[in-house]
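This report concerns only the one structure given below.
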Amino acid sequence: MSFVDLHCHSTASDGTIPPEDLPALAVSLGLSAIAMTDHDTTCGVPACKAACETAGIDFVPGIEISADPGPRIDTDGVERRRGTLHLLGLFVRHDDPELAKISSRMREARNSRNPAIIEKLQALGVRITYDEVLTLAQEQGTQVIGRPHIAQLLVAKSYAKSLSDAFTKYLKFGAPAFLRRDYLSPAQAIDAIHHAGGLAILAHPVQLVMPNTDELEHAIKRLADIGLDGIETRHCDHTPALTLQYEKFAQRFKLLTSGGSDFHGDRKTVKLGSQNVPRAVYEQMLCSRKQTQ
Ligand code: AMP
Ligand code: FE
Ligand code: FE
Ligand code: ZN
């Protein structure tokens, strides 16, 4: 059986492998299709597409858009934790003007938040400057500068033991240097993906951090009602039991299933292709696109 990977990041956002180098790696691992899904940018798509053609594997142009999951207020009225709501746009036209508009809005939201995070870190006594973040990002050729790059600097300067330690100690929701940023609503993100001719897939549902299965089901139903096309059932954060549960939701709401490693190169431990996503998942998407076109 041949396998595919429909969730990969490159240096265009917070991965560490350049978009043009991913296809050769995919081929060496026996994959027959990959999707390039950088955070809030499609700028790695043309280079990855060309390299896929050379390497002889199928290519899915994509993007991963962060949307507002809404507040999570617990029964005592306190906001304890917000999960993340990420939408993958698969088969998008990478140069769609609507997608470009919201991507640049999201990059601006990060670009105005990043210096403010640095100020918070400085107030905590961390000796780090925004210029250092910019230099690091430039060296890596990234278009989307975010907390992962700040985390990398915190590790390099021995303020944290690892990237996830940097998030826990400083950067994640509830940590002392956390700062909210502006997010799109899920409807805006789904509409933009559709405008660009893509399929909107709920990425890693486990990261919504819903308090129970009923609420998760409600959340998926609400997304399906506003046009969601599919759910990422196979993902490195999902146990086999979760994958099964999400497959049942997909059936219930007549949604496609998707799967990928969420490969970030050296920034995360997960390996490209590690989710063993059958090629049939990709073929099913092609089929559903043909029916709607
Ligand atoms: P940002 O877009 O600046 O809000 O950063 C979000 C990115 O940071 C995500 O796409 C992840 O790649 C990474 N990230 C978020 N939370 C964590 C965490 N707890 N540990 C490591 N990486 C994280
Ligand atoms: Fe990421
Ligand atoms: Fe994500
Ligand atoms: Zn991702």
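Just the heavy atoms: all of them, side chains too, but no hydrogens, waters or symmetry mates, feed the values below. Each ligand, and each atom within it, is numbered from 1 in the order the structure gives.
Ligand-side atoms of ligand 1 in range of Gly146: 3 (O), range being under 4.0 angstrom from any heavy atom. With ligand atoms numbered from 1 in the order given, ligand 1 contributes 11 (C), 12 (O) to contacts under 4.0 Å with heavy atoms of Lys268. Shown in contact with Ser164 at under 4.0 Å from a heavy atom are these atoms of ligand 1, numbered in order with element: 20 (N).
Looking only at N/O/S atoms, Glu64 comes nearest to the Zn ion (ligand 4) through OE1.
Some N or O of His39 is nearer than 3.5 Å to an N or O of ligand 1, by distance alone.
Around atom NZ of Lys49, no more than 12 heavy atoms belonging to other residues, nucleotides or ligands sit under 6.0 Å away.
Asp68 places no side-chain N or O within donor-acceptor distance of the main-chain N or O of Ser185, the cut-off being under 3.5 Å. His235 places no side-chain N or O within donor-acceptor distance of the main-chain N or O of Gly259, the cut-off being under 3.5 Å.
The Fe ion (ligand 2) has no N, O or S atom of His9 closer than 2.8 Å. Between the Zn ion (ligand 4) and His39 there is no N/O/S contact shorter than 2.8 Å. Coordination check, His9 versus the Zn ion (ligand 4): passed, since an N/O/S atom of the residue sits under 2.8 Å. The Fe ion (ligand 2) has an N, O or S atom of Asp14 inside 2.8 Å of it.
Phe173 and Phe178 have perpendicular rings, their planes meeting at more than 60° on a 0 to 90° scale where under 30° would count as parallel.
Of all the heavy atoms of His264, the ones lying under 4.0 Å from any atom of ligand 1 belong exclusively to the side chain.
The protein non-hydrogen atom at the shortest distance from atom 12 (O) of ligand 1 is Asp14 OD2, 2.9 Å. Scanning the protein heavy atoms around atom 4 (O) of ligand 1, the nearest turns out to be Arg113 NH2, 2.7 Å. If you check which protein heavy atom lies closest to atom 7 (C) of ligand 1, you get Pro148 CG, 3.6 Å. Scanning the protein for heavy atoms near atom 13 (C) of ligand 1, the closest one is Phe167 CZ, 3.6 Å. If you check which protein heavy atom lies closest to atom 6 (C) of ligand 1, you get Arg147 NH2, 3.7 Å.
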